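Excluded from the calculations below are hydrogen atoms, water molecules and symmetry mates; all remaining heavy atoms, backbone and side chain alike, are included. Remember, predicted model here, so these are calculated numbers, not experimental data.
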Amino acid sequence: MPSPLDMQRTYALVGTGGCGKTSLAEMLLFDAGAISRLGAIEEGTTSLDYEPEEVRRRGSIQPACATFLWNKNRHFLVDVPGDGNFTGDMEYLLKGVDSVLFILDAVDGVRPLTKKFWNLVQAEKLPAVIAINKLDRDRADFHMAYDSLQSLGIKPVALQLPIRENDAFVGYADVLSGKAYLYGPDGTEKETEVPAAIADDLALFRDVTVENIAESDEALMEKYLEEGSLSLEDLQLGLKTGVAAGELVPVVVCSALENKGGAGILNTVEALLPSPFERAPFIGEDGSERASSPDAPLSCFVFKTLSDPFSGQLSILRVLSGTLSGDVNLKNMRSGESERLGALLYLTGKGQTPCKESVGPGAIVAVAKLKNTRTGDTLSDEKAPFTLFVPPLPPQLITYALAPMEKGEEDKIYAAIQRLLDEDITLKLGRDEENGDILLSGMGQLHIELAVEKARRRFKIDIVLKTPKVPYRETVRGICQVQGRHKKQSGGRGQFGDCWIEMKGMPRGSGYVFEDAIVGGVIPRQYIPAIDKGIQEAAARGFLAGCQVVDFSVKVYDGSYHTVDSSEMAFKVAGSLAFKKAMETLKPVLLEPIVLLTVSIPDESMGDVIGDLSSRRGKVLGSDSKAGITEIKAHVPMSEVLRYASDLRSMTGGQGFFTMEFDHYEEAPQPVVDKVVAEHEAARSSE
């Protein structure tokens, strides 16, 4: 007798922002009877976009889970955000599923970000079905969208062709069976004659589809060549095998907004995507394998943490192996501590349903109030330990400084943001060692803004988002010799420190070098470290614009001392004075950080983007165009791309994305020096 796990499906909905993933999830839930009313993004009534920030901006900012039954089989669905600001943890989410339902917009086809997401799916070796959505739109073009899939380097297999009448999406033709179906007002399907307008297309697509299926399997290919045709049963079996091997990617059609195609998608998912039994074993950090079997030792992966107003922290986990029930002890493989899992919960958006039965591999459940467990942790049977391998997170792209509306509440802000880090591991919180600012880093401007908005709402604290501070540096060129002398005598014990230093500039990246060249005891040994410390502290405060001085060396070669009045403090001051004199003599320069910017855009946006980079003082290093998508690499001053995300979105109609990383420092041009120095002087005068 087959196990319920044979027909269980665990999959992620993946696609770029605006392709209709959340609406499609809503359609699937409605068609499966999991919800009684079809919600709408525009009305803020969908099941999976429930955070106030999501409702307001009409788009997902965090993943959402749903579980439901279709044909009495259990489906677990993860809706992955499509905005690049909120996809930094996509690789963690993909670790929690067995397959992917990939959504493509029938108006725009493959976008630059589509390619990035598809590469992540391929890297995880997850079988996929592609749904071309929004076929109800005026500019919808199935053939354009289908052809654009070639740029992903895959072999798409069309299973359905859309039927349009009077510019409306009214049904589809099944490519393999040759039958046609019209949609009823409630999403139901009624068989009809294949329209003459698409009969030739249908025959052509069937020939290509049959050939692609045959080519994916040697035995089928031989049969096809011998007999000239394949039975429907052969085709369906070959299709499932090809999908599991990653050789074939089926394509279906739908309009989530009009509730057309939901049943067809669910049936395709059940027919072609793998059960937990059929997926490849999980790979551990040590290279070991763990089979996705209910008979294997118990292990679970926490792929997301959410905050719930009633339950507190919710850990969303996927059962990797074994059978899980409530009230079980598992070992957290990161911390080494034992965690007791209480009641298990099924999730559908913010809705929670008690899970009363034991669940096996592939199940996605939530557990409340785990003590020391966070996103990315593996919970395992202590007697058979297993730690799932997870890749490193991508680096944050932008940093903002946070400040309270009223002074004295810095610690409250830090604590509030720290709470958000538990559920969003792509945020990074820190402090600026130079000025004490609270720094929040994320994947883009919108990411930071919405995190701060969420903190304001949840923790009732006023937070001011300040323009990111650019980490300018100062340095010197040439060489000089100066004296630093500190003498203060006003009755009683005085202060006396006297040193001569030689200071010179060094190549970029050399850092700071201190040399003790004192001979004959003109300065006692115990005072030399104090001179070094005085110079380093003065260098940290800067000279031109309050920026740390870098890439220079100091040699202490002469000086004098007083047997009574000299002290470490006196020589520390002397070192600081010597440093300031040397800076005045050497005429320091300002260095600005340069980032390596990699931008992926549609070909037609190339001219605008390169022109914009030039206006930002960028130096284009090269570009590469492939299948309608251009990748540009450029060196650009960090100060010029602090708000680049929103500008790129405007230039490319939301279809471009970028990554950036620090590359090197360069001498800043005089207008930049004048501006930075003026801002520093203004800040000092206001204190």
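A donor-acceptor pair shorter than 3.5 Å can be found between the side chains of His447 and Asp424. Neither side chain, Thr426 nor Asp89, offers a donor N or O lying under 3.5 Å from an acceptor on the other. Ser60 and Thr22 are linked by a side-chain donor-acceptor pair at a separation below 3.5 angstrom, with hydrogens and angles left out of the test. Judged purely by distance below 3.5 Å, without hydrogens or angles, the side chains of Thr630 and Asp603 pair a donor atom with an acceptor atom. Side-chain atoms of Ser441 and Thr399 include a donor-acceptor pair closer than 3.5 Å.
Atom CG in Leu101 sits 6.0 Å away from atom CG in Leu24 (nearest 0.5 Å). Taking CG of Leu104 as the reference point, atom CH2 of Trp118 lies at 10.5 Å (rounded to 0.5 Å). To the nearest 0.5 Å, atoms CD (Glu26) and OG (Ser47) are separated by 4.0 Å. With rounding to the nearest 0.5 Å, the separation of CD1 in Ile265 from CD1 in Ile130 is 12.0 Å. Taken to the nearest 0.5 Å, the NZ atom of Lys466 stands 9.0 Å off from the CG atom of Leu402. To the nearest 0.5 angstrom, Ser99 atom OG is 4.0 Å from Leu273 atom CG.
Side chain of Arg374 to backbone of Val302: no donor-acceptor contact under 3.5 angstrom is found. Remark: the backbone N or O of Glu423 is paired with a side-chain donor or acceptor of Lys304 at under 3.5 angstrom. Under the 3.5 Å distance criterion, the side-chain polar atoms of Glu54 are matched with a main-chain donor or acceptor of Ile61. When atom types are taken as modelled, the side chain of Thr67 and the backbone of His75 share a donor-acceptor pair closer than 3.5 angstrom. A donor-acceptor pair is defined here as one N or O able to donate and one able to accept, closer than 3.5 Å; such a pair exists between the side chain of Thr10 and the backbone of Gly362. Side-chain atoms of Thr45 do not come within 3.5 Å of backbone N or O of Ile41 as any donor-acceptor pair. Put simply, the side chain of Thr652 gets close to the backbone of Leu648: a donor and an acceptor are under 3.5 Å apart. Using a distance-only test at 3.5 Å, with no hydrogens or angles considered, no donor-acceptor pair links the side chain of His680 to the main chain of Val676. Side-chain N or O atoms of Glu474 include one that pairs as donor or acceptor with a backbone N or O of Ala545 at under 3.5 Å. In this structure a side-chain-to-backbone donor-acceptor pair under 3.5 Å is missing from Asp83 to Phe86.
Using a 4.5 Å heavy-atom cutoff, the side chains of Tyr346 and Val365 are in contact. Between Cys19 and Asn133 the shortest side-chain heavy-atom distance does not fall below 4.5 Å. Counting heavy atoms from C-beta outward, Asp612 and Val609 have side chains that stay 4.5 Å or more apart. The closest side-chain heavy-atom distance from Leu77 to Leu28 is below 4.5 Å. A 4.5 Å side-chain heavy-atom check between His635 and Leu621 finds at least one atom pair inside the cut-off. Considering only heavy atoms from C-beta on, Asp647 comes within 4.5 Å of Arg616 through its side chain. The shortest distance between side-chain heavy atoms of Leu429 and Tyr414 falls below 4.5 Å.
For the side chain to side chain donor-acceptor pair (under 3.5 Å) test, no residue two or more places apart in sequence or in another chain qualifies with Asn119. Remark: Lys675 pairs with no residue by the side chain to side chain donor-acceptor pair (under 3.5 Å) rule, at least two apart or across chains. Remark: Asn259 pairs with no residue by the side chain to side chain donor-acceptor pair (under 3.5 Å) rule, at least two apart or across chains.
In summary, Lys369 and Glu339 do not engage in a salt bridge, as defined by a charged side-chain N under 4.0 Å from a carboxylate O. Between Arg456 and Glu53 there is no salt bridge, since none of the side-chain N atoms of the basic residue sits less than 4.0 Å from a carboxylate O of the acidic one.
Among Arg458, Gln313, Arg419, the one residue that satisfies the side-chain contact (heavy atoms from CB on, under 4.5 Å) test with Ser307 is Arg458. A side-chain contact (heavy atoms from CB on, under 4.5 Å) with Leu388 is found for one member of Lys95, Glu285, Met333, Arg318 and no other, namely Lys95. Phe303 pairs in a side-chain contact (heavy atoms from CB on, under 4.5 Å) with only one of the listed residues (Leu94, Thr375, Val78), which is Val78. Of the candidates Lys619, Arg617, Arg508, Glu666 forms a salt bridge (charged side-chain N to carboxylate O under 4.0 Å, His left out) with just one, namely Lys619. Applying side-chain contact (heavy atoms from CB on, under 4.5 Å) to Ile463 and the options Ile413, Ile438, Leu440 leaves one that passes, Ile413. Each of Lys21, Arg139, Arg111 was checked for a salt bridge (charged side-chain N to carboxylate O under 4.0 Å, His left out) with Asp105, and the lone residue meeting it is Arg111.
Between His664 and Phe662, the shortest heavy-atom distance links the atoms O-CE1, 3.4 Å. When all heavy atoms of Met144 and Ala106 are compared, the closest pair comes out as CE-O, 3.5 Å.
Relative orientation of the Phe301 and Tyr92 rings is tilted, given thresholds of 30° and 60° on the angle between their planes.
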Item to check | Derivation of the side-chain contact (heavy atoms from CB on, under 4.5 Å) call for Val636 and Leu613 | outcome: CA-CA 7 Å; Val636 191; Leu613 290 174; 4.2 Å; yes
